[in-house]
Amino acid sequence: MAAKISFADVEVGTELPAGSFPVDRAVLVRYAGASGDFNPIHWNEEFAREVGLPNVIAHGMFTMAEAIRVVTDWAGDPGAVVDYSVRFTKPVVVPNDEKGALVEVSGKVAALLEENTVRVDLTAVSDGNKVLGMARAVVRLA
């Protein structure tokens, strides 16, 4: 696969289609199994509260992975991402109800770089809180 977006078709400020990603306890359990991260703060409400959290929280790496989907969906190829980094600023709190949590992600091209690459800055918010800071991806376009 290759990126479907052409470097010539983007400019600084180009907005990527936003994404909304629901997270419930079942998703967290599946992620724990896939990642091997069975820390009880991600599935045991009593334990999470005992250690000072407001409730069960999503895995940071899961949140990071959900956010980059906005970029990979836009580019059309996950392999187009050549660099990606974030800072974890707030946890995604996942209540045990029918709604769970929602991570809302937006992105825009922040810089045109060399060799048909661009820097995309992402904003990820859950329950009104910015959950990722300095979320940036470098993407090689067609």
Side-chain angles (χ1 to χ4, degrees), residues 1-45 47-49 51-142:
M1 291 181 77
K4 295 178 182 176
I5 302 292
S6 172
F7 182 80
D9 292 336
V10 299
E11 58 189 31
V12 171
T14 298
E15 292 187 19
L16 282 62
S20 294
F21 306 101
V23 185
D24 61 20
R25 299 282 178 93
V27 166
L28 297 182
V29 170
R30 287 194 298 275
Y31 182 82
S35 68
D37 182 352
F38 294 102
N39 187 323
I41 63 172
H42 302 303
W43 56 269
N44 184 314
E45 188 171 332
F47 183 86
R49 291 185 190 279
V51 298
L53 295 168
N55 208 324
V56 164
I57 63 170
H59 303 73
M61 296 302 285
F62 172 80
T63 304
M64 187 178 176
E66 290 290 75
I68 196 67
R69 288 174 55 189
V70 166
V71 176
T72 59
D73 289 350
W74 171 71
D77 177 12
V81 176
V82 296
D83 189 47
Y84 179 44
S85 62
V86 305
R87 290 188 181 156
F88 301 107
T89 56
K90 297 271 185 185
V92 175
V93 178
V94 183
N96 192 20
D97 60 18
E98 66 283 346
K99 293 186 334 182
L102 187 66
V103 178
E104 298 174 285
V105 182
S106 60
K108 69 178 179 180
V109 174
L112 303 177
L113 307 173
E114 299 174 345
E115 300 178 11
N116 286 5
T117 60
V118 298
R119 189 186 86 219
V120 175
D121 290 353
L122 297 169
T123 301
V125 176
S126 182
D127 197 29
N129 295 307
K130 189 173 177 183
V131 296
L132 299 176
M134 299 294 290
R136 295 179 171 173
V138 175
V139 184
R140 185 172 319 284
L141 301 178

| message | So, using salt bridge (charged side-chain N to carboxylate O under 4.0 Å, His left out) as the criterion, who are the partners of Glu45 when residues are at least two apart? | response | Arg25, Arg49
| query | Taking all non-hydrogen atoms of both residues, which atom of Leu132 and which atom of Ala67 are closest, and how far apart? | reply | CD1-CB, 3.7 Å
Show every donor-acceptor pair shorter than 3.5 Å between a side-chain atom in residues 93-103 and any protein atom, with sequence neighbours excluded, or say none if there are none.
unit_1	atom_1	unit_2	atom_2	d
Asp97	OD1	Lys99	N	2.9
Asp97	OD1	Gly100	N	2.7

| With side chains defined as the heavy atoms from C-beta onward, is the minimum distance between Phe62 and Val92 less than 4.5 Å? | no
| task | If a pair satisfies side chain to side chain donor-acceptor pair (under 3.5 Å) and one of its residues is in residues 3-12, list it, with sequence neighbours excluded. | result | none
| query | For Asp121, what residues pass the salt bridge (charged side-chain N to carboxylate O under 4.0 Å, His left out) criterion, not counting sequence neighbours? | reply | Arg119, Arg136
| said: Applying side chain to side chain donor-acceptor pair (under 3.5 Å) as the test, list every pair that has at least one member in residues 58-77; sequence neighbours left out. | reply: Glu66-Arg69
| said: Quick check: do Glu115 and Phe7 have side-chain heavy atoms less than 4.5 Å from each other? | reply: no
| query | Taking only residues two or more places apart in sequence, or in another chain, which ones meet Glu15 in a salt bridge (charged side-chain N to carboxylate O under 4.0 Å, His left out)? | reply | none
| query | Would you find a donor on one side and an acceptor on the other, under 3.5 Å apart, between the side chain of Thr89 and the backbone of Lys130? | reply | yes
| task | Scan residues 79-90 for pairs that pass salt bridge (charged side-chain N to carboxylate O under 4.0 Å, His left out), counting only residues two or more places apart or in two chains. | result | none
| field | Minimum side-chain heavy-atom gap Phe47-Leu53 below 4.5 Å | value | no
Could you pull out all donor-acceptor pairs under 3.5 Å where a side-chain atom in residues 31-43 meets a protein atom, sequence neighbours excluded?
unit_1	atom_1	unit_2	atom_2	d
Ser35	OG	Tyr31	O	2.9
Ser35	OG	Asp37	N	3.1
Asp37	OD1	Asn39	N	3.2
Asn39	OD1	Ile41	N	3.0
His42	ND1	Ile57	O	2.8
Trp43	NE1	Phe38	O	3.0

| request: Among residues two or more places apart or on two chains, list those pairs meeting ring-ring contact (aromatic ring centres under 6.0 Å, His included) that have a residue in residues 120-142. | output: none
| field | Set of side chain to side chain contact (heavy atoms under 4.5 Å, CB included) partners for Val82, sequence neighbours left out | value | Val138, Arg140
